[in-house]
Number of protein chains: 4
Amino acid sequence: MKSEDKHRKIIQAAIKVFARKGFYNARVSEIAREANVADGTIYLYFKSKDDILISLFEEEMRKIINNMKEDLAKQKDPIEKIRKFASNHLSLMTRNQDLAEVLQVELRQSSKFMRDYVKDQYMEFLNIFASIIKEGQEQGIFREDINTGIAKRAFFGALDEMGRYWVLSTTRKHSIAESAKQISEIFIQGMMKNATKGKGKTA
Amino acid sequence: MKSEDKHRKIIQAAIKVFARKGFYNARVSEIAREANVADGTIYLYFKSKDDILISLFEEEMRKIINNMKEDLAKQKDPIEKIRKFASNHLSLMTRNQDLAEVLQVELRQSSKFMRDYVKDQYMEFLNIFASIIKEGQEQGIFREDINTGIAKRAFFGALDEMGRYWVLSTTRKHSIAESAKQISEIFIQGMMKNATKGKGKTA
Amino acid sequence: MKSEDKHRKIIQAAIKVFARKGFYNARVSEIAREANVADGTIYLYFKSKDDILISLFEEEMRKIINNMKEDLAKQKDPIEKIRKFASNHLSLMTRNQDLAEVLQVELRQSSKFMRDYVKDQYMEFLNIFASIIKEGQEQGIFREDINTGIAKRAFFGALDEMGRYWVLSTTRKHSIAESAKQISEIFIQGMMKNATKGKGKTA
Amino acid sequence: MKSEDKHRKIIQAAIKVFARKGFYNARVSEIAREANVADGTIYLYFKSKDDILISLFEEEMRKIINNMKEDLAKQKDPIEKIRKFASNHLSLMTRNQDLAEVLQVELRQSSKFMRDYVKDQYMEFLNIFASIIKEGQEQGIFREDINTGIAKRAFFGALDEMGRYWVLSTTRKHSIAESAKQISEIFIQGMMKNATKGKGKTA
DNA sequence: CATGAATGAGTCTTCATTCAT
DNA sequence: TATGAATGAAGACTCATTCAT
């Protein structure tokens, strides 16, 4: 329990520092200071600086995935699910900007090195969206020729780029809600079989 | 001229090494070796390691932008332009994977630090797509409520994520051409006013 | 008594660990684990890691010296005493290899630092041999020109080097008994006045 | 040539510092300062701190062995060779005390770790003495039952212990020359077939 | 212009020691 | 007494950058 706390405290500190400086420019001693522990204490909980980043990814991605799955379970309509997916994912940026920045920036950065560690969860996350499309296809809502392997990446990339803009932007012209709506409506209409605009509440 | 050559040789070497190791794990001495120059020579052409990356971005992005603009100038139809945009951008990955990897991975990585240097060209690139949408809106093809600021990022993000997958993937299930087609059709149909599927040659 | 036990337990553990890793590469925590006590407990019995080594030397050397003196007290003949000295000292290696290794290797290593702490007992040990020579000189057996200060070190060094070989060697071509015999016979004959080979049982 | 110089300069500095502090307490930065080079320069010439010690051993032992072989080549008589061996080896201590201390103290210290690196030359050195004995046995001077494997170690150990005393002692009661003489005469007489004292010049 | 040997600031990590429980 | 989590000082090593040639 106490030990769990310190583990979390260090992860939280790391998120802050990585977001502020980036992984390579972050100093272990700075994470320690931010976590209010001694430098050496870090190494009681993590094998190395790399290990902090990896653990951070695994743990936070797990939460994000679980949170998304829970959130979507409440919706039945694939179209509503897509809307929910977009707003959920983008609102994460609002709620936890530091984490968003780390996931956005650092996840990409060490791709080759890190992808081994987060690939599974990254895929699991993408496949949530793939399932929605498949569902929509089975229900005759979405076109059969939509390739889920491509569409899931396109949708995630669209949201991600928008999130990146939002996190890094200082002006923030577009609200998160509006962004989520625009992107989901483009994809919904873009994938639909008949050319009716996305049904249900459009806002 | 001779001087120009060496500048290029170093940039080319840096693209290779950054792609292979990532910016932070790349050694200046390794770039020098790859470029067949002495370590010190690098500093006759660039102020610092950072400066190599910045110059690399500016020069290569300039080429990409010009190439894209030229390519699109041949098309009149906004819908065809979108298709062209997607295939042009994605085929870049095929033609120059190392550069793609650097732009994909490293551009993101140092976002805050780098954004100052590449923001303008990044925006210029995005705005090419924004102009296409606007054109389409003016021609009554695309919905008026499409926010070009959001849509341009969504489209770019979708292509980029797909490109990242393609660059980093070892299996590459989805062909570049198919990916470009799927993504552009989703966006075209997703943004269209009336519900006709994208006209013109769909495949 | 209980306290005495723990002191010993730690010394014994230290002997094992120092033998295995060497003083500098031994970890206090490893000694603690080997002794089945907590890290902090070590510091209830010893001032520092150095202090463990010093205490170890003092206590074990005391035992060795007393044991040697006792053993030699049974012999009257200086020549027999030399033989006994050699076999006693070398057989120590067989009986307690870990201790032998620590004394052999670590004693030397920290010479300057340690000499202050073990010098007295080291000298006492050497002087046991010096006394034997003196005895032999007084009995007219050994040459008068033998310098006991030199001879005692030469004899000790000869045994020690042989012991080191035996402890570190994996093949061990020469038996401890044969080594003791060869060395003592060389010294006996080498120091004798008249040229009779060492009298008494030569084997 | 220039590079050779710096290599030597660092080795010489290391000998001084290792002698003064011992290997583990020596700081790489101190070696650098002693050698008048920057810390990083050390690593242009040696892979690691360990590598400095290993290189030092290999190079200096090579010199010692060659010097000894040369020196002995001038002598024909095995008995004179033993006298020469002793005086040569011990006078090394006088001439290069720092080196002697490093070889004496540090060679022993990291025995298991280091023996792999110096074993061959250590054996080569020991075998010089073994050859002398064998020669003497062939000439009928030394007893046949002298085991050269044991005697070479005994002789080396005797000299070494005496050398250690001389290097570490502050009072130095026994002169190097006298020590060499005493030890060689004990071994010569101790190994001789007939019991005549060492013939030839006893001094 | 070109070289590449030299520099030395900078950081992760280890581990003897402490101390609250 | 005993514990073992926490401490933080210390050091080997790296590598971007410089500069004498």
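First the proteins, then the strands, lettered A, B, ... as listed; each starts at 1.
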Does R8(A) form a salt bridge (charged side-chain N to carboxylate O under 4.0 Å, His left out) with E60(A)? I'd like the steps, not just the answer.
CA-CA 11 Å; R8(A) 275 239 62 74; E60(A) 299 302 321; 3.0 Å; yes
Would you call R33(B) and E30(B) a salt bridge, using N to O less than 4.0 angstrom?
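Between E30(B) and R33(B) there is no salt bridge, as every charged N stays at least 4.0 Å from the carboxylate O atoms.
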May I ask you to decide if the ring planes of Y45(B) and H7(B) are parallel, tilted or perpendicular, using 30° and 60° as cut-offs?
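Y45(B) and H7(B): perpendicular rings.
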For dA6(F), give its Watson-Crick or G-U wobble partner with both distances under 3.5 Å, or none.
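Checking every strand shown, dA6(F) finds its partner in dT17(E), with both distances under 3.5 Å.
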[X] [atom1] to [N] [atom2], straight-line distance once rounded to whole Å:
{"X": "Y45(A)", "N": "dT7(F)", "atom1": "OH", "atom2": "C1'", "value": "12 Å"}
{"X": "E30(B)", "N": "dG4(E)", "atom1": "CD", "atom2": "P", "value": "17 Å"}
{"X": "D39(A)", "N": "dG11(F)", "atom1": "CG", "atom2": "P", "value": "16 Å"}
{"X": "F46(A)", "N": "dA6(F)", "atom1": "CZ", "atom2": "P", "value": "12 Å"}
{"X": "N25(D)", "N": "dA12(F)", "atom1": "CG", "atom2": "C1'", "value": "15 Å"}
{"X": "I31(B)", "N": "dG4(E)", "atom1": "CD1", "atom2": "P", "value": "17 Å"}
{"X": "N36(C)", "N": "dA2(F)", "atom1": "CG", "atom2": "P", "value": "13 Å"}
{"X": "K49(C)", "N": "dT18(E)", "atom1": "NZ", "atom2": "P", "value": "15 Å"}

Would you kindly compare L44(D) and Y43(C) by the position of their nearest DNA chain E nucleotide and give the one closer to the 5′ end?
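Here L44(D) is the residue nearer the 5' end.
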Let me spell it out: for each of S29(A) and S29(C), pick the nucleotide of DNA chain E with the closest heavy atom. Which residue's pick is nearer the 5' end?
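Of the two residues, S29(A) wins.
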More than 12 heavy atoms of other residues, nucleotides or ligands under 6.0 Å from NZ of K49(A): is that the case?
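Result for NZ/K49(A): enclosed.
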Expressed in whole Å, how much space separates the C1' atoms belonging to dC1(E) and dT21(F)?
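Their C1' atoms lie roughly 13 Å apart.
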Nearest-nucleotide wise, let me know which of G40(A) and G40(C) is further upstream toward the 5' end of DNA chain F.
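Its nearest nucleotide lies further toward 5', so the answer is G40(C).
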Residue closer to the 5' end of DNA chain F, V37(A) versus K47(B) (nearest nucleotide):
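Here V37(A) is the residue nearer the 5' end.
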Reckon [X] has a side-chain N or O less than 4.0 Å from the OP1 or OP2 of [N]?
{"X": "K6(B)", "N": "dA2(E)", "value": "yes"}
{"X": "Y24(C)", "N": "dC15(E)", "value": "no"}
{"X": "R27(B)", "N": "dA16(F)", "value": "yes"}

Would you indicate what A26(D) reaches in the nucleic acid, counting non-hydrogen atoms under 4.0 angstrom: base, sugar-phosphate, or nothing?
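Sugar-phosphate, no base atom in range.
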Sole residue of K9(C), Q12(C), R20(C) in side chain to side chain donor-acceptor pair (under 3.5 Å) with E34(C)
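Testing each of K9(C), Q12(C), R20(C) against E34(C), the sole residue satisfying side chain to side chain donor-acceptor pair (under 3.5 Å) is R20(C).
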